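Treat the numbers as computed from the prediction; the structure is a model and nothing was measured. Protein chains get the first letters and strands the later ones, always in sequence-line order, with residue 1 at the start of each. Below, each value reflects all heavy atoms present in this structure, side chains not excepted, and no hydrogens, waters or symmetry copies.
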Amino acid sequence: MPSFAFNGKTIETDDEGYLQILDNWNKEIAEYLAKEEGITLTEKHWELIEWVRDYFFKFQVAPAIKSLIKEVGKLENLPDKKEANKFIYELFPEGPAKQLAKIAGLPKPTGCV
Amino acid sequence: MPDVSGTKRITDVGPHDYHDFLHPVIKNNYGKWKYHEILSPAHMVHVSEAGDKIYSVRVGSPRLVSGFFIRDLCDLADKYTGGYLRFTTRNNVEFLLDKEENIEPLMNDIKKLNLPLGGIGNVVANIVHTQGWIHCHTAASDASGVTKALMDDLYEYYIDAKLPAKVRIAFACCLNMCGAVHCSDIAVLGIHRRPPKLVPDKIINLCEIPSTIASCPTNAIRPDTYNGKPNVKLIEEACVFCGNCFTVCSGMPISDPLNDGVSIWVGGKVSNARTKPSFSKLAVPYLENDPPRWPKVVEAVKTILDAYKNGAEKGERVGEWIERIGWPKFFNITGFKFTKYHIDDFRLGEATMNYSAQVRQ
């Protein structure tokens with residue numbers, strides 16, 4: 001199983017880089033995972049990461065892309081769905097739901113993006 | 001590689017328009033064809049209303065191919081066909097030529113590469129198969145291994161048209177079926193026979209609980225708690241061993257080296273020539289996995305094919321032949337046992353039009 005060393009601890013991931021154990025996640029690891037993805041985390045990223053973690057521990061499922069876009073619309077005051085979609089793709093260019101779940105340390109979502 | 005740094009990646013553009021890749025003769029005569037003629041099991045000609053002719057030379061491919069193999073094919077295409085070739089739905093390669101004099105040298109070069117020429121007309125077509133152990137996580141059997149063993153044995157029927165009608169063989173390594181086993185003359189289908197084994201620690205860490213529950217077609221997966229955390233439980237009697245849950249949740253492995261195996265189905269077809277299209281029906285409920293050559297599967301398929309070859313009238317597909325002689329006689333001739341597994345007792349069958357006390361149709 002692939003893994004990486006972090007602060008003297010071995011963190012296991014799957015082949016695509018998703019954490020194998022939920023409790024291993026912390027903010028430093030999120031920074032590290034984001035760097036691996038080529039993303040520098042900003043305030044906006046953190047807002048979404050915290051929201052998606054809250055959502056997961058409430059419902060045990062990563063949010064559908066539709067509700068993610070809705071939330072972004074609310075947070076960023078973007079009433080137009082297309083604008084919100086564009087905004088979130090700028091934050092997570094390789095597919096928002098998957099990259100967001102990966103950086104937030106959640107299981108790989110079953111959806112497509 | 002071209003330097004793409006600094007440029008923005010464009011995605012979501014969709015596939016390229018296929019008209020750009022058509023052979024000029026096909027492009028000029030699109031939708032205006034008069035007739036086609038099978039010249040040999042390896043090549044045929046299509047003639048257009050304007051009198052243009054296009055020849056196809058068909059070659060078998062193993063479906064999972066290497067880059068070297070593709071390069072060999074492309075070299076041949078560059079040399080003889082102006083670069084035009086296509087892959088058929090059953091993984092054959094077809095070279096498209098407008099010059100008749102190129103057919104002979106092309107075939108000679110193909111023979112030099114030891115590739116099989118054939119697959120047109122009343123033959124056993126190339127087997128369409130799924131990923132198997134090479135790639136798939138739900139596979140109950142290997143795909144390319146069984147296919148290779150089968151095709152080695154049926155090679156004579158591929159290169160030579162010796163059968164009453166065409167016979168399509170398909171292989172799918174699980175019942176979710178990337179292969180066309182529901183409607184092939186002879187179909188080999190990998191089956192699981194035990195429910196998935198739950199690994200609660202993995203399920204907590206790796207799975208979305210609601211998606212896992214929703215993935216089950218028979219509602220056999222129910223919510224549960226484990227060490228105070230949300231988890232799932234499985235009602236084993238309701239499980240139909242489909243493996244959908246393992247696709248969304250890697251904490252529920254279904255593969256079982258002891259109990260997985262294959263089943264054989266017969267009599268499906270897609271065409272509506274003579275009789276309406278039909279689904280395949282169960283012939284052999286279970287044969288164990290027996291790598292690397294699967295002798296029992298090969299023997300069973302050979303039995304069906306021989307019985308069909310000896311019994312069918314010209315132009316009759318496997319399904320039509322069995323319907324004519326009757327299913328009891330089919331089991332008599334082939335020597336397969338009729339078991340309880342041949343009776344359709346699916347408990348959710350009452351919700352479909354398929355529910356009856358009849359033998360599985």
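Salt-bridge check for A/E76 with A/K44: passed, with a basic side-chain N closer than 4.0 Å to an acidic carboxylate O.
Most heavy-atom pairs under 4.5 Å with chain A: of the set B/P210, B/C207, B/S211, this distinction falls to B/P210.
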Report task. Quick one: do A/T110 and B/E208 satisfy side chain to side chain donor-acceptor pair (under 3.5 Å)? Show the steps, please. Result -> CA-CA 8 Å; A/T110 43; B/E208 296 175 339; 3.2 Å; yes
Query - Trace of the ring pair (Phe, Tyr, Trp, His ring centres under 6.0 Å) decision for B/Y341 with B/Y286 - result: CA-CA 9 Å; B/Y341 302 109; B/Y286 176 74; 9.0 Å; no
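Close approach to chain A, defined as a heavy atom under 4.5 Å from one of its heavy atoms, is seen in B/K229, B/P230 of residues 225-245 of chain B, taken by number.
Atom CD in B/E94 sits 4.0 Å away from atom CZ in B/R86 (nearest 0.5 Å).
Proximity to chain B (any heavy atom under 4.5 Å) is shown, for A/L106, by neither the backbone nor the side chain. Of the two parts of A/Y18, neither the backbone nor the side chain holds a non-hydrogen atom closer than 4.5 Å to a non-hydrogen atom of chain B.
Stacking of A/K27 on the aromatic ring of A/W46 is recorded, both the 6.0 Å distance cut-off and the 45° axial limit being met.
A disulfide bridge does not connect B/C136 to B/C173: their SG atoms sit 2.5 Å or farther from one another.
Each of B/T147, B/N126, B/L64 was scored for a side chain to side chain contact (heavy atoms under 4.5 Å, CB included) with B/N91, with one residue passing: B/N126.
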